[in-house]
Amino acid sequence: MLSRFWRFGLALPRSLAVPPTRFVSQSKASSGTASTAVTDVHHPEPPAGHGGVSPYVKNPDYHGFSSDPVEDEWNMKVGFFFGISVALVIGGTFIYYLPDQGMRQWARREAEQLIHLREEQDLPLIEENYYDTSKIILPPSEKE
């Protein structure tokens, strides 16, 4: 799998450089011409103005928060502190105190009360039939 991506790795530096571009027309030939028309070679335009320097050249530890290196590092540290530390603590506390999902705690308390009630009345904890069979009305069986 890695060998498939290796061929792209060799072409990547070449694709990042901006070579002169040649535009070739692929449209249908008109009445008099039968070859493709090649336009002029266009060289990339030089940057206008002062030729701005990349922030990565000025500050190799650039984090993207500010162009000033000291302010950039300070903003990065504050951002990561609040983004990770505080979010994990407050987020974890919020999730811990969410209401009972699926009413599992309520079901356990209800079952413990029912067990305690049945033990006081000397009844079995689990009966053989879920429903009382004397209260079930069945349709008459039709024998043909």
Side-chain angles (χ1 to χ4, degrees), residues 1-30 33-142:
M1 182 75 179
L2 199 54
S3 63
R4 289 183 182 175
F5 293 117
W6 181 252
R7 64 179 172 210
F8 295 120
L10 297 176
L12 188 60
R14 285 183 277 149
S15 66
L16 292 177
V18 183
T21 307
R22 188 177 281 225
F23 298 100
V24 178
S25 173
Q26 298 292 330
S27 61
K28 295 281 184 189
S30 60
T33 61
S35 65
T36 59
V38 177
T39 60
D40 294 333
V41 175
H42 297 282
H43 296 286
E45 296 180 15
H50 300 94
V53 180
S54 170
Y56 293 107
V57 174
K58 286 195 240 178
N59 180 15
D61 295 330
Y62 181 67
H63 301 291
F65 293 98
S66 176
S67 58
D68 180 30
V70 175
E71 186 179 347
D72 183 49
E73 185 175 353
W74 175 252
N75 287 340
M76 183 263 311
K77 288 179 180 178
V78 169
F80 276 100
F81 173 75
F82 284 111
I84 294 174
S85 302
V86 174
L88 288 176
V89 171
I90 293 175
T93 306
F94 177 76
I95 290 172
Y96 180 78
Y97 285 105
L98 279 175
D100 183 24
Q101 290 294 96
M103 299 180 66
R104 288 184 290 260
Q105 294 173 353
W106 173 85
R108 180 166 181 109
R109 285 193 309 267
E110 191 70 21
E112 288 173 357
Q113 289 176 358
L114 188 61
I115 288 172
H116 183 66
L117 179 69
R118 287 181 180 248
E119 284 176 349
E120 285 179 353
Q121 296 175 355
D122 290 331
L123 295 172
L125 297 179
I126 299 175
E127 295 180 0
E128 182 178 333
N129 297 320
Y130 185 75
Y131 294 105
D132 186 12
T133 55
S134 62
K135 294 182 180 179
I136 297 176
I137 300 171
L138 297 174
S141 61
E142 297 178 9

Would you say the side-chain atoms of Asp72 pair up with the backbone N or O of Phe65, donor to acceptor, closer than 3.5 Å? yes
For atom CZ of Arg108, decide whether the heavy atoms of other residues, nucleotides or ligands shown that lie under 6.0 angstrom number more than 12. no
Please round to the nearest 0.5 Å and tell me the distance separating atom [atom1] of [X] and atom [atom2] of [Y].
X	Y	atom1	atom2	result
Leu88	Thr93	CG	OG1	10.5 Å
Leu117	Gln113	CG	CD	9.0 Å
Ser67	Tyr62	OG	OH	7.0 Å
Arg109	Asp100	CZ	CG	7.5 Å
Ile115	Leu123	CD1	CG	13.0 Å

Please evaluate residues Ser66 and Asp68 with respect to the criterion side-chain hydrogen bond (donor to acceptor under 3.5 Å, both in side chains), reporting the C-alpha separation (whole Å), side-chain torsions for both, the decisive distance (0.1 Å), and the verdict. CA-CA 5 Å; Ser66 176; Asp68 180 30; 5.6 Å; no
Please evaluate residues Glu120 and His116 with respect to the criterion side-chain hydrogen bond (donor to acceptor under 3.5 Å, both in side chains), reporting the C-alpha separation (whole Å), side-chain torsions for both, the decisive distance (0.1 Å), and the verdict. CA-CA 6 Å; Glu120 285 179 353; His116 183 66; 2.8 Å; yes
Side-chain touch Glu73/Lys77, heavy atoms, less than 4.5 angstrom: yes
